[in-house]
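Right, one structure below, let's go through it.
Below, each value reflects all heavy atoms present in this structure, side chains not excepted, and no hydrogens, waters or symmetry copies. Bear in mind the structure is a predicted one, so any value in this text is a computation, not a measurement. Numbers restart at 1 for each chain; the letters A, B, ... are given by sequence-line order, proteins then strands.
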Amino acid sequence: MSLRVRFAPSPTGYLHVGGARTALFNWLVARQAGGTFVLRIEDTDRDRSTKEMVDAILEGMEWLGLDWDEGPVFQGAGVDRHRAQALQLLGEGKAYRDFTTPEELARIREEDPDRAVRYPRERFRSLSEGEAEERAAGGEPHAIRFFMPTGETVLFRDRVHGRTSFRTDTIEDLVILRADGSPTYNLAVVSDDAEMEIDLVIRGDDHLSNTPKQVLLHQALGNKVPEFAHVPMILGADGKRLSKRHGATAVGDYADQGILSDAMVNFLALLGWSPGTDQEVMSREELIRAFSLDRVVKKSAVFDPEKLDWLNGQHLNRLSGKALADRVLALLEDDLADEARRRWSLEPEWMDYVLDLLKARARSIDEIALKLRPYVAQEIAYEPEAVKKHWMKRPEEAVGHLDALHERLAEGVEDWTEARLEEELRALAAERGVGAGRLIHPLRLALVGEAVSPGIFEVLVAMGPHRALARIAAGATWIRSRIDRES
RNA sequence: GCCCCCAUCGUCUAACGGCUAGGACUCCACUCUUUCAAGGUGGCGGUCGGGGUUCGAUUCCCCGUGGGGGCACCA
């Protein structure tokens, strides 16, 4: 008998981070226990769920690598069973026919909120023997409501919150079957969880106040009541519930921003849970091993994009080889990606070499792709600020240095290695009576077009003699044209 | 209004009555250095308030305050 858990999102169009984290916790628990993870789509119409919305959720789950064992099953498929169970409760006297119109009830709620809680029941009790059945047979529209026990306290043990209790007198007789014959959410959930033999319901704590209703429904239907674990919500930086105005809230947005799904999973796991050790950067396997509902905190957490970025950088640093290369190349234009592949096939170790240089300095794959361009592009643009600082402050000198570098590197360097290049450059600087930095800065600008890059000798090696020399020449030419224009 | 949940640096969190309340992100400084990162070192910064219980409360209890969630013939 293995543990069965489920994730039951309603298809609102995309998988948001809160839902994603709930899904993750379910997945972690299932994988750790060797249990079964069921995906259920809460599509009970109303919010017209389309195939696109469902697909968006499945896509988000797949991106995160949260594979499910059963489903997706659609809640809508169970309406006949839901309806039958509502009728069953009615037959057993655990529910009643309510002819109160929504308008009337709304009016009572306005006038006397306390009375409204039991108003439908009051009306039902005022009916004479058999009257309800007669009116129902006559086709009069009515809902079916569940009888809340009187004067009782529903107590359940929540895996996160511990003992939690609600007094039934504060809960109204909930509608389980609408006038149009459709089942309501709470009944559908209870029915489905029982049908799927869910042992543990892990969901957001916005469902905490639904729980006593569901516990009671389970008991009324003779079901084994599942365990519950209500995980805290994820809030925006302003402490408000995460919404569109907080920026990216869909996991897909983060995929688009160059966030690694491993980093996202790691980050989400750390939102509301901690392993109890100082370790923060964790792989999926480590998370599965370490996860425990007992260590889930009760307090809602604020989503901090900066920490996500940092974690992404950490995962990026641990990623290497083909996996990283594929992701980076996917972000480049075709011709640049082709050039990279060409170079890669010529020198198998080249790709790892460049990516190792770039990934340590990047926090997203987009950033790596951007920084890779100078190594594969035909031409590059020069960053104005860098030009001003490293070339045009002393243009004549810069040109002189670049020319000298070109000559020296073109003729003198038979083995194009970091050590050898460094030797040559430093020797040249000494000959010209300047510090190495005076050559390095203009050179860097000529090679990559900006003032920052990995170590200059590594850049030279990564670029290769042909491309590097062409860049140096192009840089010198560019500066000359500027000097001519100004004189 | 009623019900429920929650409360440690700005943020994520550790400390299941007992060392100067620990770590991480962010920020700052230093270090490494040809630049930028990464790394290393250090710094700033916190137990919401008031009462209890106790030899001793971040920790247990009560009351406030604050925040969140829910109160539908939505899910």
Side-chain angles (χ1 to χ4, degrees), chain A residues 8-12 42-47 49 75 98 100-102 105-106 109 113-114 116-117 120 141-145 158 160-161 164-167 169-172 174-186 188-189 204-212 230 232-233 235 237 239-241 267 270-281 294-295 297-311 313-314 317 357-363 371 386 390 422 425-426 429 435-441 443-445 448 450-457 459:
Chain A
S10 60
T12 50
E42 224 92 302
D43 65 338
T44 321
D45 276 330
R46 291 290 152 157
D47 52 73
S49 75
Q75 186 157 71
D98 172 29
T100 317
T101 63
L105 187 55
R109 270 200 266 264
D114 290 340
V117 178
H142 62 283
I144 293 179
R145 286 182 186 268
D158 188 281
V160 174
H161 292 271
T164 308
S165 62
F166 289 81
R167 292 198 320 277
D169 292 344
T170 63
I171 308 171
E172 67 172 32
L174 65 145
V175 170
I176 53 178
L177 202 66
R178 300 188 185 94
D180 66 2
S182 64
T184 58
Y185 170 76
N186 279 302
V189 166
D205 68 14
D206 49 337
H207 284 285
L208 208 44
S209 51
N210 279 326
T211 309
H230 287 95
M233 311 250 80
L235 310 176
K240 301 286 183 215
R241 194 177 191 150
F267 177 72
L270 256 21
L271 226 44
W273 172 82
S274 80
T277 65
D278 281 348
Q279 190 184 6
E280 299 220 87
V281 183
D294 300 335
R295 295 199 61 89
V297 299
K298 302 175 197 162
K299 184 181 54 166
S300 49
V302 173
F303 189 92
D304 179 9
E306 283 186 330
K307 189 151 182 175
L308 207 209
D309 286 341
W310 169 78
L311 249 187
Q314 294 295 315
N317 260 319
L357 298 180
L358 300 181
K359 74 185 186 189
R361 296 168 170 78
R363 286 199 159 185
K371 299 289 187 186
H390 296 301
E422 177 156 15
L425 184 141
R426 290 197 188 280
R438 292 291 273 275
L439 297 192
I440 288 171
H441 294 301
L443 174 59
R444 168 174 288 115
L445 181 49
V448 301
E450 46 186 324
V452 302
S453 80
I456 197 72
F457 307 110
V459 171

With a non-hydrogen cut-off below 4.0 angstrom, is [X] in contact with a base, only sugar-phosphate, or nothing?
| X | answer |
| --- | --- |
| Pro113(A) | nothing |
| Thr277(A) | nothing |
| Glu172(A) | sugar-phosphate |

[N] and [M]: how far apart are their [atom1] atoms, nearest whole angstrom?
| N | M | atom1 | value |
| --- | --- | --- | --- |
| rG49(B) | rU8(B) | P | 11 Å |
| rC48(B) | rA75(B) | C1' | 35 Å |
| rC9(B) | rC25(B) | C1' | 12 Å |
| rA14(B) | rC73(B) | P | 39 Å |
| rG56(B) | rG17(B) | C1' | 7 Å |
| rG67(B) | rU11(B) | C1' | 16 Å |
| rC6(B) | rC62(B) | P | 12 Å |
| rC27(B) | rC5(B) | P | 39 Å |

Distance only, no hydrogens: is a donor on one side chain within 3.5 Å (strictly under) of an acceptor on the other, for Asn186(A) and Thr184(A)?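 Their side chains do not contain a donor-acceptor pair, so the 3.5 Å distance test is not met.
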Without decimals, in angstroms, what is the distance between [X] [atom1] and [N] [atom2]?
| X | N | atom1 | atom2 | answer |
| --- | --- | --- | --- | --- |
| Leu439(A) | rU35(B) | CG | C1' | 14 Å |
| Leu235(A) | rA7(B) | CG | C1' | 13 Å |
| Phe166(A) | rC4(B) | CZ | C1' | 4 Å |
| Asn210(A) | rG70(B) | CG | P | 9 Å |
| Leu174(A) | rA75(B) | CG | C1' | 14 Å |
| Arg167(A) | rC3(B) | CZ | C1' | 8 Å |
| Lys359(A) | rA38(B) | NZ | C1' | 11 Å |
| Lys298(A) | rU8(B) | NZ | P | 12 Å |

With [X], which residues qualify under side chain to side chain contact (heavy atoms under 4.5 Å, CB included), at least two apart?
| X | result |
| --- | --- |
| Arg361(A) | Pro454(A) |
| Ala360(A) | Asn317(A) |
| Val281(A) | Asn266(A), Trp310(A), Leu311(A), Gln314(A), His315(A), Arg318(A) |
| Glu306(A) | Asp304(A) |

Polar atom pairs between nucleotides 31-34 of chain B and protein, under 3.5 Å, N or O only, would you list them?
{"from": "rU34(B)", "atom 1": "OP1", "to": "Arg426(A)", "atom 2": "NH2", "distance (Å)": "3.1"}
{"from": "rU34(B)", "atom 1": "O2'", "to": "His441(A)", "atom 2": "NE2", "distance (Å)": "3.3"}
{"from": "rU34(B)", "atom 1": "O2", "to": "Arg444(A)", "atom 2": "NH1", "distance (Å)": "3.4"}
{"from": "rU34(B)", "atom 1": "O2", "to": "Arg444(A)", "atom 2": "NH2", "distance (Å)": "2.5"}
{"from": "rU34(B)", "atom 1": "N3", "to": "Ile456(A)", "atom 2": "N", "distance (Å)": "3.2"}

Contact check, side chains of Asp158(A) and Thr211(A), non-hydrogen atoms, under 4.5 Å: no
Determine whether Glu42(A) and Val189(A) make a side-chain contact, defined as any pair of heavy atoms from C-beta on separated by less than 4.5 Å.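 When only atoms from C-beta onward are counted, Val189(A) and Glu42(A) do touch, with a gap below 4.5 Å.
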Any [X] side-chain nitrogen or oxygen under 4.0 Å from OP1 or OP2 of [N]:
| X | N | result |
| --- | --- | --- |
| Arg109(A) | rC73(B) | yes |
| Lys240(A) | rG68(B) | yes |
| His207(A) | rG69(B) | no |

Counting heavy atoms from C-beta on, name the nucleotide in rC73(B), rA75(B), rG70(B) closest to the side chain of Ser10(A). rA75(B)
Given rA38(B), rG69(B), rC73(B), identify the nucleotide with an atom nearest to the side chain of Val175(A). rC73(B)
Partner residues of Arg145(A) under the salt bridge (charged side-chain N to carboxylate O under 4.0 Å, His left out) criterion, sequence neighbours left out: Asp98(A), Glu172(A)
Arg167(A): what forms a salt bridge (charged side-chain N to carboxylate O under 4.0 Å, His left out) with it, not counting sequence neighbours? none
Using the test side-chain hydrogen bond (donor to acceptor under 3.5 Å, both in side chains), find all partners of Ser453(A) that sit at least two apart in sequence or belong to another chain.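 For Ser453(A), the residues satisfying side-chain hydrogen bond (donor to acceptor under 3.5 Å, both in side chains) (neighbours in sequence not counted) are Arg444(A).
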Just by protein heavy atoms under 4.0 Å, how would nucleotides 9-28 of chain B read 5' to 3' in B, S and -? --SBSSS-------SBSS--
List the steps and the verdict of side chain to side chain contact (heavy atoms under 4.5 Å, CB included) for Val448(A) and Val459(A). CA-CA 9 Å; Val448(A) 301; Val459(A) 171; 4.0 Å; yes
Residue met sooner reading RNA chain B from 5', once Asp114(A) and Asp206(A) are mapped to nucleotides: Asp114(A)
Complementary nucleotide for [N] - Watson-Crick or wobble, under 3.5 Å:
| N | value |
| --- | --- |
| rC2(B) | rG70(B) |
| rG56(B) | none |
| rU8(B) | none |
| rC32(B) | none |

Pairing residues for Phe303(A) by the ring pair (Phe, Tyr, Trp, His ring centres under 6.0 Å) criterion, not counting sequence neighbours: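 For Phe303(A), the residues satisfying ring pair (Phe, Tyr, Trp, His ring centres under 6.0 Å) (neighbours in sequence not counted) are Tyr254(A), Phe267(A).
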Can you name the residues that form a ring pair (Phe, Tyr, Trp, His ring centres under 6.0 Å) with His161(A), not counting sequence neighbours?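 His161(A) satisfies ring pair (Phe, Tyr, Trp, His ring centres under 6.0 Å) with no residue once adjacent residues are dropped.
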Rounded distance (nearest 0.5 Å) linking atom CZ of Arg426(A) with atom CD1 of Ile440(A): 5.5 Å
Could I get a table of every N or O pair under 3.5 Å where one atom is in the protein and the other is in nucleotides 40-44 of chain B?
none

